[in-house]
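To start, the structure itself, in structure tokens.
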Amino acid sequence: MTKDQVAASLKEIGTILELNGENPFKCRAYLNAARTLETSPTDLAELVRTNRLGELPGIGDALREKITTLVTTGKLPYLDELRTSIPSGLLPLLDLPGLGPKKLRALREKLKIESLEALTQACQDGRLASLDGFGEKTATNLLDSIQRRATYRKLHRLGTALPAAQSLLTHLRACPAVHQAEIAGSLRRGKEIVKDLDLIASSNKPKEVMKVFVSAPNVEKVVAHGETKSSVILTGGIPCDLRVVPPEAWPTALAHFTGSKEHNIALRQRAIDQGLHLSEWGLLKGKSKTPLKLKDEKDLHQALGLSFIPPELREDSGEVAAAEKNELPDLLTRDQIRGCLHNHTLASDGQDTLATMAQAAAELGLDWLGIADHSKSSFQANGLDAQRLEKQIEEIGVLNSKKPKCTLLSGTECDILKGGKLDFPDSLLQELDYVVASVHSGFTSDEKEMTDRIIRAIENEHVTCLGHPTGRLLLEREAYPLNIPKILEAAAANGTWIELNANPWRLDLDWRWWHKARDLGVLCCINPDAHKTSHLRFLDFGVTLARKGWLRPHDVINTRTLAQLRKLL
DNA sequence: GCCGTTTTCGGCCCGACTGTTTTCAGTCG
């Protein structure tokens with residue numbers, strides 16, 4: 001059983017226990033363990049084999065035993081038994097906003113509700129409203145939730161969420177009552193997928209700010225409208241929360257609403273250990289009612305004995321311990337990016353010419369731009385054959401002879417065929433400045449086959465960089481099965497770079513692996529995979545995700561000057 | 001169910017909003 005499958009099983013246990021009215025802390029222990037596994041970059045099978053599971057935080061004897069059983073046998077009698085205690089239609093009901101374990105339990109015991117249909121019926125015929133603790137409003141809201149279910153459940157890619165948040169932010173900042181306003185939540189932490197948008201503002205007139213917020217042009221429905229907190233659904237279905245705090249609470253509030261939840265818990269625990277009390281309203285010393293004076297988040301972290309923790313790192317994955325020892329990495333920044341390697345033109349499936357792409361890259365401040373059009377086996381993308389590629393190499397030579405602001409490099413995005421053979425012969429590959437090798441076919445292979453296939457390409461001396469390593473399309477297509485630790489080791493052994501594909505649909509390799517990759521000595525290449533000039537801006541997403549993966553400037557080849565790059569190549 | 005250099009038992013982050021209530025439980029982030 002894979003790590004994600006084990007994590008899903010633990011989550012299921014925690015949820016069923018909640019529904020059965022178990023001790024909430026016991027439930028949380030299972031949910032915490034699931035998260036620990038999901039975020040741990042280590043190989044689960046390896047941990048089990050070497051009996052080191054217990055070293056993970058939050059995993060004690062009971063969980064170690066259950067995880068071991070899951071990994072080695074693929075089953076868990078305890079979970080099977082739990083499943084028989086609840087009907088299959090019950091769990092999905094928990095996804096409805098406003099319906100938690102306690103209410104669902106009451107509905108099940110008093111009204112025998114065990115499915116969406118039964119719930120809808122009870123809301124409509126008045127039985128639900130007549131229950132203790134329920135009422136008319138609850139029934140209406142639940143019916144509304146059921147109707148909007150698809151919308152509420154939707155997740156959103158960074159590429160769509162960020163522009164929506166920025167436009168709301170502009171709307172808020174135009175309000176004179178607003179002191180400061182910022183994007184918070186998972187979006188500020190640079191998550192590749194977000195559930196909702198979190199905005200925060202400081203003001204002495206919160207009511208006015210809230211009024212401006214709920215009446216913003218792209219608000220479709222107001223879910224909650226309070227003095228300091230409101231929730232809306234935007235057209236397109238993205239939920240958005242706004243919190244408004246007085247200006248003096250800005251640093252603690254910004255930190256609080258940026259999260260993550262787990263990071264916040266770690267910080268609050270740290271505050272308690274130091275005789276302090278931390279909440280969104282401020283940092284209090286002992287029994288004092290007056291918050292310490294803080295200028296910004298840096299001040300807050302300092303007051304807790306920490307160096308400043310950038311938002312991207314706040315996932316409770318070692319950042320607090322590193323900040324305590326002043327060992328946080330000096331993260332990559334956008335202005336350090338000088339070029340990128342994986343871009344397309346009209347020759348294959350891109351929409352702009354070589355010259356236009358070079359011009360656009362220069363306008364973004366890039367010194368060098370690699371062109372890597374598809375190879376011949378990618379028929380669907382009008383891949384180049386040897387002859388057309390030779391012609392492109394010549395064209396690039398001509399353009400470069402005019403000494404443009406941004407120098408072009410000749411490359412290819414060469415298909416890795418089944419079995420690991422490349423789509424072009426070595427004799428052609430060696431004429432190029434570099435080679436990005438990617439998989440575009442045969443996604444149904446099993447893990448071993450796909451891993452071997454890719455490693456064979458990594459071992460080819462002409463392959464510079466592995467393109468979009470897992471082939472995932474966020475919220476659309478799963479990654480193909482791959483042993484990523486093995487891929488990373490092969491890349492390290494052969495000096496092959498790994499792409500961080502910055503297209504918001506991909507963001508592949510996933511940020512969760514980069515810390516490990518970095519420690520293995522694997523170099524990262526951030527690539528927009530641009531199919532038109534406007535896509536070059538995807539580099540911003542790439543930088544965010546690289547930061548999230550703890551990458552420093554020298555871990556990323558995009559920071560090299562053209563001369564340094566040529567030497568490396 | 002996990003955890004511990006004050007604790008091996010008794011804690012486990014903290015607060016806003018809603019809807020149902022006359023003081024609070026449930027849900028959410």
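All figures in this text were calculated on a predicted structure; none of them were measured in a lab. Chain letters run A, B, ... following the sequence lines, proteins first, then strands; residues in each count from 1.
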* Structure fact -> Protein-proximity profile, nucleotides 20-28 of chain B, B/S/- by nucleotide at the 4.0 Å heavy-atom cutoff, equals S-----SSS

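Using a 4.0 Å cut-off, no side-chain N or O of A:Asn32 falls inside it from OP1 or OP2 of B:dC2.
For the pair A:His225 NE2 and B:dT18 P, the computed distance is 9 Å after rounding to whole Å. To the nearest angstrom, P of B:dC3 lies 15 Å from CG of A:Asn23. Rounded to an integer number of Å, the gap from CD of A:Glu227 to P of B:dG15 is 18 Å. Rounded to whole Å, the distance from CG on A:Asn264 to C1' on B:dC12 is 16 Å. Rounded to whole Å, the distance from CG on A:Leu37 to C1' on B:dC2 is 15 Å. Remark: P of B:dC2 and CD1 of A:Ile265 are 17 Å apart, rounded to the nearest angstrom. Here B:dG1 presents its P atom at 8 Å from CD of A:Glu22, a figure rounded to the nearest Å. Note: CZ (A:Arg35) to P (B:dG1) measures 21 Å, nearest angstrom.
Remark: A:Glu227 engages A:Lys207 in a side-chain contact (heavy atoms from CB on, under 4.5 Å) (not counting sequence neighbours). Under the side-chain hydrogen bond (donor to acceptor under 3.5 Å, both in side chains) criterion, A:Arg157 pairs with no residue at all, not counting sequence neighbours. In this structure, the side-chain contact (heavy atoms from CB on, under 4.5 Å) partners of A:Thr50, at least two apart in sequence or on a different chain, are A:Glu46, A:Arg52. Considering only residues two or more places apart in sequence or on other chains, A:Thr333 meets the side-chain hydrogen bond (donor to acceptor under 3.5 Å, both in side chains) condition with A:Asp335, A:Gln336. Checked against side-chain contact (heavy atoms from CB on, under 4.5 Å), A:His171 has the following partners two or more places apart in sequence or in another chain: A:Val212, A:Ala216, A:Pro217.
Note on residues 9-18 of chain A: pairs passing side-chain hydrogen bond (donor to acceptor under 3.5 Å, both in side chains), not counting sequence neighbours, are A:Lys11-A:Glu38, A:Glu12-A:Arg83.
Contacts between residues 240-256 of chain A and DNA chain B, defined by a heavy-atom separation below 4.0 Å, involve A:Asp241, A:Arg243, listed by number. Within residues 271-282 of chain A, the residues approaching DNA chain B are A:Ile272, A:His277, A:Leu278, A:Ser279, A:Glu280, A:Trp281, by heavy-atom distance under 4.0 Å. Interface residues of residues 48-73 of chain A facing DNA chain B, ordered by number: A:Pro57, A:Gly58, A:Ile59, A:Gly60, A:Asp61, A:Ala62, A:Leu63, A:Lys66; criterion, heavy-atom separation under 4.0 Å.
Side chain of A:Asn20 to backbone of A:Glu22: no donor-acceptor contact under 3.5 angstrom is found. Between the side chain of A:Arg472 and the main chain of A:Leu507, a donor-acceptor pair closer than 3.5 Å is present. The backbone N or O of A:Asp555 sits nowhere less than 3.5 Å from a side-chain atom of A:Arg518 that would complete a donor-acceptor pair. Here the side chain of A:Gln5 pairs a donor or acceptor atom with the backbone of A:Thr2 at under 3.5 angstrom.
The partner of B:dT27, taking Watson-Crick or G-U wobble pairs whose two distances both stay under 3.5 Å, is B:dA16.
A salt bridge between A:Asp198 and A:Arg243 is absent, with no side-chain N of the basic residue lying under 4.0 Å from a carboxylate O of the acidic one. Here A:Glu182 does not pair with A:Arg188 in a salt bridge; the nearest charged N to carboxylate O distance is not below 4.0 Å. One finds no salt bridge joining A:Lys298 and A:Asp296 here, because no Lys/Arg side-chain nitrogen approaches an Asp/Glu carboxylate oxygen to under 4.0 Å. Using a cut-off of 4.0 Å between Lys/Arg side-chain N and Asp/Glu carboxylate O, A:Arg512 and A:Glu192 are scored as salt-bridged. Contact check on A:Arg314 versus A:Glu297 returns a salt bridge, with a Lys/Arg side-chain nitrogen under 4.0 Å from an Asp/Glu carboxylate oxygen.
Going from the P atom of B:dC14 to that of B:dT8 covers 22 Å, rounded to whole Å. Spacing between B:dC2 and B:dT7 at atom C1', rounded to whole Å, works out to 14 Å. Between B:dC12 and B:dT20, the two P atoms lie 31 Å apart (nearest whole Å). The P atoms of B:dT22 and B:dC28 are separated by 23 Å, rounded to the nearest whole Å. Separation of the P atoms belonging to B:dA16 and B:dT21 is 24 Å when rounded to the nearest angstrom. Taking the C1' atoms as reference points, B:dG1 lies 23 Å from B:dT5, given to the whole Å. Taking atom C1' in both B:dT23 and B:dC17, one finds a spacing of 16 Å when rounded to whole Å.
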* From CA spacing to verdict: salt bridge (charged side-chain N to carboxylate O under 4.0 Å, His left out), A:Lys221, A:Asp144 -> CA-CA 11 Å; A:Lys221 179 189 158 82; A:Asp144 201 38; 2.5 Å; yes

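Counting any heavy atom pair closer than 4.0 Å across all strands shown, A:Tyr30 reaches sugar-phosphate atoms only and no base atom.
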Side-chain donor/acceptor pairs under 3.5 Å, residues 540-550 of chain A, sequence neighbours excluded:
| unit_1 | atom_1 | unit_2 | atom_2 | d |
| --- | --- | --- | --- | --- |
| A:Asp540 | OD1 | A:Arg334 | NE | 2.9 |
| A:Thr544 | OG1 | A:Asp540 | O | 3.1 |
| A:Arg547 | NE | A:Glu312 | OE2 | 2.7 |
| A:Arg547 | NH1 | A:Leu332 | O | 2.9 |
| A:Lys548 | NZ | A:Arg189 | O | 2.9 |
| A:Lys548 | NZ | A:Glu312 | O | 2.9 |
| A:Lys548 | NZ | A:Glu315 | OE2 | 2.7 |

Pull out every protein N or O sitting under 3.5 Å from an N or O of nucleotides 6-10 of chain B, one pair per line with the distance.
none

